[in-house]
Amino acid sequence: MTNVRVRFAPSPTGSTHIGTARTALFNWLYARHTGGVFVLRIEDTDKERNTQKALDELIQGLKWLGIDWDEGPGTEDEYGPYFQSQRNDIYASYLKKLEDAGRTYEKEGAIYFKLEGERYTEFDQYVGAEIEKVKTQPVVIDDLIRGKVTRREERDFVLQRSNGDPSFHFVNVVDDIAMKITHVIRGEDHLSNTSKHVELFNAFGFEPPKFAHLPMILKSPKDGKGKMSKRDKGALIAEYRERDFLPEAVRNFIALLGWSPKDDQEVLSIAELVERFSLDGVQKGGARFDEKKMAHINFEYMKAMPIEAYTRSASSALRKTKLINDDTNQDYLASCLKICQAKIDSFENLPGFASYFFSEDYPINEKAESKVFKKGDAITRIQEITPVLESLEDWSEATLETAFNQLAEKLAAKPFAWFPVVRFAVSGTNSGPDFLPMLKILGKKRVLARLKNTEEKYA
RNA sequence: GUCCCGUUCGUCUAGUCAGGUUUAGGACGCAUGGAUUUCAUCCAUGAAACAGAGGUUCGAAUCCUUUACGGGACGCCA
C-alpha cells in the first residue's frame with residue numbers, strides 16, 4: 001500500500017471554502033494513513049480568475065490546519081512543476097498524442113476531444129439548440145465510496161481553448177497520468193465529470209486511477225437549501241482563523257463532516273485521525289454544516305488546553321478588542337483566564353465574557369440588571385455586604401466565603417441572597433466564572449469601588 | 001429538461017456490504033431536575049429517527065422494485 005499517490009488540486013480563484021479544506025484533509029489523511037504521497041497541485045489554468053491573494057490564503061489555510069505536502073510548490077522532484085500554468089509543454093506533448101491518434105478536431109479556434117460512436121443531431125432542452133451528440137459506450141466508474149456508477153458522455157468537449165490555454169478536464173487527466181496519481185479523492189460535484197476523465201484516460205491508453213467522490217457539505221437549514229456557498233456563515237477557513245477558533249478543532253470538526261470513525265469517539269487528535277481514517281467510513285449522503293457542533297468541538301479543545309497555550313490564544317482575542325496590551329500583567333491575565341477557561345466555547349466570546357477584568361468601561365447586561373433589581377432589595381444587600389467586605393484584611397476565597405456565610409447566618413438568609421447582586425455590581429452581568437474566585441481576582445479595592453458605584457447609580 | 005448520486009432523531013452519525021443479539025446506540029442542540037453558591041460550566045433524566053408503498057423471507061433499518069423528496073452535473077470555470 002505504499003505506492004499510493006493522491007493529489008489535492010485546488011484552483012486559486014477565491015477564498016478557501018470549508019469543502020475545499022475537507023477535500024484536502026481527506027486526501028492528506030488517506031496519504032498519511034496508507035504511507036503514500038500527498039501532492040499539492042495548483043490548477044491555475046484560468047488566467048482570468050486566478051489571484052495571488054487566493055493562492056496565499058490557500059497555502060496559509062493548509063498550513064494552519066496542519067496539512068503539509070510531500071510534493072508541490074516548493075519541492076524539487078521529477079513530477080514538477082506543480083503549477084499548471086508552468087506545464088504547457090507537457091500538455092502540448094499529450095495533446096499531440098491525441099491528435100496523432102485522430103481523437104481531436106478543431107472548431108472555432110478551440111481543439112475538441114472526439115468521442116467514439118455514431119453521431120446524430122438532436123434538439124437539446126438545456127442548451128436550447130440543435131446540437132451534435134455521440135452514441136458512446138457507457139463508462140463504468142468503480143467508485144470507492146459509492147460503488148459502480150455508470151454514465152455516458154455524449155458530447156465532445158474542449159481540450160484547448162481558442163486562446164491556446166488547455167482546459168480543466170484535459171490538464172486534470174494529463175497531470176494525474178504524469179504525476180502517477182493512484183487515487184482521486186474529490187467532491188461529488190466532480191462525479192459527473194468523471195466519465196469525461198475516464199474517456200481521456202482510455203484515449204491515452206492509461207488505466208484510470210481509483211475514484212472516491214466525497215459527499216457535499218450542505219448549508220445549515222437556516223441558510224436555505226443546496227450546497228454550502230462562500231457566502232454562508234462558517235464557510236470560509238479564513239473566518240475561523242480570524243475568529244480565533246483552534247485549528248485542531250476545526251480540523252477535527254471537518255473530518256467528522258462526512259466521515260466517521262464508526263465508534264462513539266468524536267474528539268480525535270491528528271494522530272488518531274491518521275490512524276483511523278478510511279474511505280469505508282465516508283458517508284454517501286450530503287452533510288449539513290452545524291455551527292453549534294463546531295463550537296462544541298472547539299470548546300472540548302479549549303478545555304483541554306494547558307493554561308499557557310490558552311493564555312496565548314486568548315491574548316490574541318483580547319488584544320483585538322484592546323482589552324489588554326503589552327503592559328498587561330501576565331500573572332493577572334493568567335489568573336483571570338484560568339477561571340474562564342472551562343466556561344466559554346470560543347475565544348471570540350471571551351472579550352464579551354470577561355471585559356470587566358480588564359476595563360472599568362464594561363457593558364451592563366440589561367436582562368441581568370432588571371432581574372437583579374426586580375426584588376427591590378438589591379441596594380439593601382449591597383449596603384449589608386459592603387462593611388463586611390471592607391473589614392476583611394485577608395482577601396482570599398476562604399475569607400470571602402466565611403464573610404458571606406457569617407452575614408447570611410446573622411440575617412438568617414442564604415449566601416446566594418447576595419451573590420447575584422454583588423456579581424452584577426462588579427461585572428455588569430449575572431453570569432460568568434465562579435463567583436468567589438472572581439471576587440478574589442478582582443481584588444478588594446475594585447470590588448468595593450464597584451459596589452459603591454452601583455449603590456449610587458441605582459439608589 | 002436530460003443524466004448521475006443520495007435518503008436512520010432538528011443536525012452530525014453507529015448499525016446496512018456478510019437479514020435475526022435493536023425496546024434502533026452515541027454526540028450536538030432542545031426540555032426538566034440536581035450540583036452546601038451565581039453561571040454560558042458539570043451531572044442526571046427526558047422528548048426525538050429507519051421518507052412512503054409494494055415485494056422476497058419464518059424474520060428487513062438491513063435485499064429487490066417503485067414513488068416521493070433532497071443533492072450534483074450538464075461552459076472555450078475549475
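So that the names make sense, note that chain A is the first sequence line, chain B the second, and so on, each numbered from 1.
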Enquirer: Can you check the A/Glu48 CD to B/rC76 C1' distance for me, whole Å?
Expert: 11 Å
Enquirer: Please determine, for the side chain of A/Lys293, which listed nucleotide (B/rU41, B/rC5, B/rA27) has the closest atom?
Expert: B/rA27
Enquirer: Distance alone, cut at 3.5 Å: any donor-acceptor contact between the side chains of A/Asn172 and A/Arg7?
Expert: yes
Enquirer: Whole angstroms only, please: what is the CG-C1' distance between A/Leu159 and B/rG75?
Expert: 14 Å
Enquirer: If only side-chain N and O atoms of A/Gln283 are considered, is one of them under 4.0 Å from the OP1 or OP2 phosphate oxygen of B/rA14?
Expert: yes
Enquirer: Base, sugar-phosphate or nothing for A/Thr13? Non-hydrogen atoms, less than 4.0 Å.
Expert: nothing
Enquirer: Check whether any side-chain N or O of A/Gln265 sits under 3.5 Å from a backbone N or O of A/Val267 as a donor-acceptor pair, and report yes or no.
Expert: yes
Enquirer: Under a 3.5 Å cut-off for both contacts, is B/rG6 paired Watson-Crick or G-U wobble with anything, and if yes, with which nucleotide?
Expert: B/rC69
Enquirer: Under the 3.5 angstrom rule, does the side chain of A/Asp232 hit a backbone N or O of A/Ser229 as a donor-acceptor pair?
Expert: yes
Enquirer: Could you work out the separation of B/rG33 and B/rC69 based on their C1' atoms and round it to a whole Å?
Expert: 40 Å
Enquirer: Do A/Lys292 side-chain and B/rC28 base share a donor-acceptor contact under 3.5 Å?
Expert: no
Enquirer: Tell me whether A/Arg151 contacts the main-chain N or O of A/Ser192 through its side chain, where contact means a donor paired with an acceptor under 3.5 Å.
Expert: yes
Enquirer: Is atom NZ of A/Lys97 surrounded by more than 12 heavy atoms (other residues, nucleotides or ligands) closer than 6.0 Å?
Expert: yes
Enquirer: Starting at atom CD of A/Glu153, determine the distance to atom C1' of B/rG75, rounded to an integer number of angstrom.
Expert: 13 Å
Enquirer: Once you round it to whole Å, what is the distance between C1' of B/rC76 and CG of A/Leu95?
Expert: 14 Å
Enquirer: How does each nucleotide of nucleotides 64-73 of chain B score, in 5' to 3' order, for protein heavy atoms under 4.0 Å: base (B), sugar-phosphate only (S), or none (-)?
Expert: ------SBSS
Enquirer: Quick one: look up who B/rU23 pairs with, Watson-Crick or G-U, both distances under 3.5 Å, and put none if it's unpaired.
Expert: none
Enquirer: Between B/rA47 and B/rU56, how many Å separate the two C1' atoms, rounded to a whole number?
Expert: 36 Å
Enquirer: Between B/rU7 and B/rC30, how far is it from one C1' atom to the other, in whole Å?
Expert: 24 Å
Enquirer: Please classify the nucleic acid contact of A/Gly432 as base, sugar-phosphate, or nothing, using heavy-atom distances under 4.0 Å.
Expert: base
Enquirer: Could you let me know what B/rA47 is paired to, Watson-Crick or G-U wobble, both distances under 3.5 Å, or none if it's on its own?
Expert: none
Enquirer: RNA chain B: A/Arg146 or A/Asn349, which has the more 5' nearest nucleotide?
Expert: A/Arg146
Enquirer: For A/Tyr458 and A/Phe373, take the angle between the two ring planes, folded into 0 to 90°, and tell me which bin it lands in: parallel under 30, tilted 30 to 60, perpendicular over 60.
Expert: parallel
Enquirer: Under 4.0 Å, counting only non-hydrogen atoms across every strand here, what does A/Gly187 touch: a base, just sugar-phosphate, or nothing?
Expert: nothing
Enquirer: With heavy atoms under 4.0 Å as the rule, sort A/Pro433 into base, sugar-phosphate or nothing.
Expert: base
Enquirer: When all nucleic acid strands are considered with a 4.0 Å heavy-atom cut-off, which category describes A/Thr150: base, sugar-phosphate, or nothing?
Expert: sugar-phosphate
Enquirer: Both A/Leu436 and A/Phe353 contact RNA chain B. Taking the nearest nucleotide for each, which residue is further toward the 5' end?
Expert: A/Leu436
Enquirer: OP1 or OP2 of B/rC77 less than 4.0 angstrom from a side-chain nitrogen or oxygen of A/Arg161, does that happen here?
Expert: yes
Enquirer: Look at A/Lys262 and B/rG15 and indicate whether a side-chain polar atom (N or O) is within less than 4.0 Å of OP1 or OP2.
Expert: yes
Enquirer: Looking only at atom P, what distance separates B/rA35 and B/rA40, rounded to whole Å?
Expert: 15 Å
Enquirer: In whole angstroms, how far is the C1' atom of B/rC76 from the CG atom of A/Asp165?
Expert: 10 Å
Enquirer: So for atom NZ, which belongs to A/Lys440, do other residues, nucleotides or ligands contribute more than 12 heavy atoms lying within a distance under 6.0 Å?
Expert: no
Enquirer: Distance check needed: B/rU37 P versus A/Lys414 NZ, whole Å only.
Expert: 6 Å
Enquirer: B/rC77 phosphate, OP1 or OP2: any side-chain N/O from A/Ser167 under 4.0 angstrom?
Expert: no
Enquirer: Say we look at B/rC50 and B/rC9: how far apart would their P atoms be, to the nearest angstrom?
Expert: 7 Å
Enquirer: Both distances under 3.5 Å, Watson-Crick or G-U wobble: report the partner of B/rA61, or none.
Expert: none
Enquirer: For B/rU62 versus B/rC17, give the span between their C1' atoms, rounded off to a whole number of Å.
Expert: 10 Å
Enquirer: Is a side-chain donor-acceptor pair under 3.5 Å present for A/Glu409 with A/Asn405?
Expert: no
Enquirer: Does a sphere of radius 6.0 Å around NZ in A/Lys210 hold more than 12 heavy atoms from other residues, nucleotides or ligands, not counting ones at 6.0 Å or beyond?
Expert: no
Enquirer: If I take atom CG in residue A/Asp156 and atom P in nucleotide B/rG75, what distance separates them, rounded to the nearest angstrom?
Expert: 13 Å
Enquirer: In whole angstrom, give me the gap between the C1' atoms of B/rU16 and B/rC64.
Expert: 14 Å
Enquirer: With the stacking rule set at 5.5 Å and 30°, tell me whether A/Tyr126 counts as stacking on B/rC74.
Expert: yes
Enquirer: Can you check whether any acceptor in the base of B/rA78 is under 3.5 Å from a donor in the side chain of A/Ser11, or vice versa?
Expert: no
Enquirer: Would you mind reading off the distance between A/His296 atom NE2 and B/rC12 atom P, rounded to a whole angstrom?
Expert: 16 Å
Enquirer: Using the P atom on both, measure B/rU8 against B/rC63 and round to a whole Å.
Expert: 14 Å
Enquirer: Within the distance-only criterion (no hydrogens, no angle test), does the side chain of A/Asp434 pair as donor or acceptor with the backbone N or O of A/Leu436 below 3.5 angstrom?
Expert: no
Enquirer: So A/Ser162, base contact, sugar-phosphate only, or nothing? Heavy-atom distance under 4.0 Å.
Expert: base
